[in-house]
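Structure first, commentary second.
Numbers for residues simply follow the sequence, beginning at 1. All values derive from a computational prediction rather than experimental measurement. When a ligand or atom number is given, it counts from 1 through the structure's own listing order.
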Amino acid sequence: MTRLFEPLTLRELRLPNRIAVSPMCQYSAQGGMANDWHLVHLGSRAVGGAGLVIVEATAVVPEGRISPQDLGIWSDAHVEPLRRITRFIEAQGAFAGIQLAHAGRKASTWQPWLGKHGSVPLAEGGWRPVGPSPIAFDPQHAVPMELDQTDIAEVIQAFVTAAERSLAAGFKVAEVHAAHGYLLHQFLSPLSNRREDAYGGSFDNRIRLLLEVAQAVRQVWPEELPLFVRLSATDWVQDGWNPDETVELARRLKGLGVDLIDVSSGGTAANAEIPVGPGYQTQFAERVRREANVATGTVGMITEAVQAEHILRTGQADLILLARELLRDPYWPLHAADYLGDASVPWPAQYVRAAHRNTPIRDVPWLPE
Ligand SMILES: Cc1cc2nc3c(=O)[nH]c(=O)nc-3n(C[C@H](O)[C@H](O)[C@H](O)COP(=O)(O)O)c2cc1C
């Protein structure tokens with residue numbers, strides 16, 4: 001058996017393999033509600049063999065949406081359409097995760113395919129974003145309103161309520177989004193956090209909000225189910241958030257009952273130069289895994305089956321998250337099993353007669369139906 005298709009047990013959840021659909025915003029919801037697009041998009045990836053399907057950044061409050069078309073989970077009405085999706089995913093033998101998110105100063109932006117950069121104006125359905133400090137992401141983004149301590153307490157409570165609703169919707173993994181320059185990352189990074197109260201300044205103060213969110217979510221998320229946190233390991237700029245801080249933060253998150261750190265990078269500094277290339281973020285997952293002694297997920301330009309298998313075999317990460325490659329090919333896991341020669345991976349019964357890729361053509365049965 002390959003490592004890629006070895007089950008991964010986190011608490012009492014046994015994922016059937018090490019392949020996860022990385023959260024990907026679809027910018028296709030109205031009022032935060034999941035719809036047929038989300039069902040088919042996510043459902044297809046479960047049919048394709050991913051063991052864990054993580055739903056896109058789902059806003060814990062309306063003003064925490066990256067765009068007006070983001071998914072949300074700020075009301076009970078959001079639960080049932082999500083439940084339909086988790087039910088379908090589990091029927092395929094996979095599990096559903098949800099990324100709980102607040103975009104902070106990077107909220108209220110356009111659907112990316114419109115080609116418009118920056119904030120959606122109030123007159124066109126946008127809203128004034130919030131953040132740790134009144135510093136805009138870049139000149140095209142609105143200057144956020146600074147959260148006061150009452151607002152911060154409300155943000156923590158919104159993550160808790162969102163986790164409770166996620167459980168009701170059938171999710172087995174909750175992931176707190178603290179990466180990519182969104183609200184919780186904005187608190188971590190000295191570039192976006194210039195506060196002078198208990199939530200800004202020193203390392204301990206900048207990580208305080210994320211630790212409070214993780215602790216509060218852990219209290220309502222069942223003991224037997226895993227909690228993930230996505231971090232950006234570095235801002236990729238001088239004087240920004242850095243990998244040493246990530247390792248220390250990961251240690252503390254582990255101490256609070258976080259089971260896996262999903263290690264990404266970037267997103268806070270608009271001018272960062274990111275050395276994008278195959279597996280460019282895996283080094284950070286490896287470091288966190290080794291030095292913080294916590295399970296890690298790795299993401300970022302992982303496209304090949306042997307590349308994923310190599311990452312696992314060399315102990316760099318426990319879980320492989322794929323984003324764009326799974327958009328190109330929802331059946332990537334089935335093809336990977338084929339390529340790696342792992343015969344233990346079942347094709348969906350409905351598709352089993354198509355599982356002949358490596359069979360000599362003369363042996364492929366002709367099906368006259
Ligand atoms: C369409 C799209 C939407 C994305 N939305 C999210 C998101 O909601 N949350 C998140 O943490 N990352 C998001 N990402 C980043 C991916 O999860 C992933 O980290 C990144 O694309 C690198 O992985 P890849 O090289 O496999 O695509 C998104 C990426 C894409 C392409």
Side-chain angles (χ1 to χ4, degrees), residues 4 18-29 32 34 37-38 41-42 44-45 48 50 52-60 64-73 82 85 96-104 106-107 109-115 162 166 171 173-186 188 210 228-234 236 260-268 272 274-285 296-305 307-308 311 317 319-330 332-333 336:
L4 197 52
R18 308 293 179 112
I19 305 167
V21 181
S22 195
M24 276 181 282
C25 286
Q26 297 297 293
Y27 308 101
S28 298
W37 174 264
H38 303 95
H41 161 66
L42 297 160
S44 304
R45 272 101 202 136
L52 175 65
V53 180
I54 308 181
V55 170
E56 69 189 70
T58 301
V60 300
R65 288 172 294 172
I66 301 166
S67 80
Q69 292 78 24
D70 282 20
L71 283 184
I73 192 157
L82 290 169
I85 295 171
I98 184 167
Q99 190 182 49
L100 301 176
H102 190 311
K106 284 170 73 175
T109 58
W110 302 96
Q111 288 163 307
W113 53 78
L114 296 178
S166 301
F171 290 100
V173 172
E175 172 169 283
V176 172
H177 196 356
H180 300 172
Y182 297 114
L183 184 71
L184 298 174
H185 183 185
Q186 287 157 32
L188 299 178
L210 175 55
F228 294 6
V229 172
R230 178 167 266 199
L231 296 178
S232 282
T234 172
W236 294 111
L260 182 140
I261 306 293
D262 173 4
V263 186
S264 189
S265 75
T268 288
I274 304 181
V276 176
Y280 69 108
Q281 296 176 145
T282 298
Q283 54 174 319
F284 302 120
T296 58
T298 182
V299 67
M301 285 197 71
I302 299 166
T303 55
E304 304 301 325
Q307 182 190 7
I311 290 168
L319 184 68
I320 304 289
L321 293 103
L322 303 173
R324 287 163 294 184
E325 193 57 23
L326 281 170
L327 296 185
R328 296 178 195 114
D329 178 9
W332 188 95

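Scored by the side chain to side chain contact (heavy atoms under 4.5 Å, CB included) test, Ala103 finds Ile66, Ala107, Tyr182 as partners (sequence neighbours excluded). Residues that satisfy the side chain to side chain contact (heavy atoms under 4.5 Å, CB included) test with Gln26, not counting sequence neighbours, are Met24, Ser28, Trp37, His38, His41, Glu56.
Counting only heavy atoms from C-beta outward, the side chains of His177 and Leu184 never approach each other to under 4.5 Å. Using a 4.5 Å cut-off on side-chain heavy atoms (C-beta onward), Leu52 and Phe228 make contact.
Near Gly300, the atoms of ligand 1 lying under 4.0 angstrom from a non-hydrogen atom of the residue are 22 (C), 23 (O), 25 (O). Taking a cut-off of under 4.0 Å to the non-hydrogen atoms of Ser22, the atoms of ligand 1 that pass are 16 (C), 17 (O), 18 (C), 19 (O). The contact set between ligand 1 and Val299, taken as ligand atoms under 4.0 Å from a residue heavy atom, comprises 18 (C), 19 (O), 23 (O).
The shortest N or O to N or O distance between Ala57 and ligand 1 is below 3.5 Å. Note: no N/O pair closer than 3.5 Å links Leu321 and ligand 1 by distance alone. Inclusion of Ser264 in the set of residues having an N or O under 3.5 Å from an N or O of ligand 1 is not warranted. Considering both main-chain and side-chain atoms, His177 comes within under 3.5 Å of ligand 1 through a nitrogen or oxygen pair. Between Glu325 and ligand 1, no N or O atom pair is found at a separation short of 3.5 Å.
Side-chain atoms of Gln281 come within 3.5 Å of backbone N or O of Val299 as a donor-acceptor pair. Remark: side-chain polar atoms of Ser232 are paired, donor with acceptor, to backbone N or O of Gly266 under 3.5 angstrom.
Scanning all protein heavy atoms for the shortest distance to atom 21 (O) of ligand 1 gives Ala323 CB, 3.5 Å. With hydrogens left out, the protein atom closest to atom 6 (C) of ligand 1 is Pro23 O, 3.0 Å, a heavy atom. Protein heavy atom in closest approach to atom 27 (O) of ligand 1: Arg324 NE, 2.6 Å. Distance from atom 2 (C) of ligand 1 to its nearest protein heavy atom, with residue and atom name: Met24 CG, 3.7 Å.
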Please walk me through it: do Val53 and Ile85 pass side-chain contact (heavy atoms from CB on, under 4.5 Å)? CA-CA 10 Å; Val53 180; Ile85 295 171; over 6 Å; no
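Taking each of Ala178, Cys25, Ala103 in turn, the one with a heavy atom nearest to atom 1 (C) of ligand 1 proves to be Cys25. Residue nearest to atom 9 (N) of ligand 1, selected from Arg230, Met301, Gln281, Gln99: Gln99 (by heavy-atom distance).
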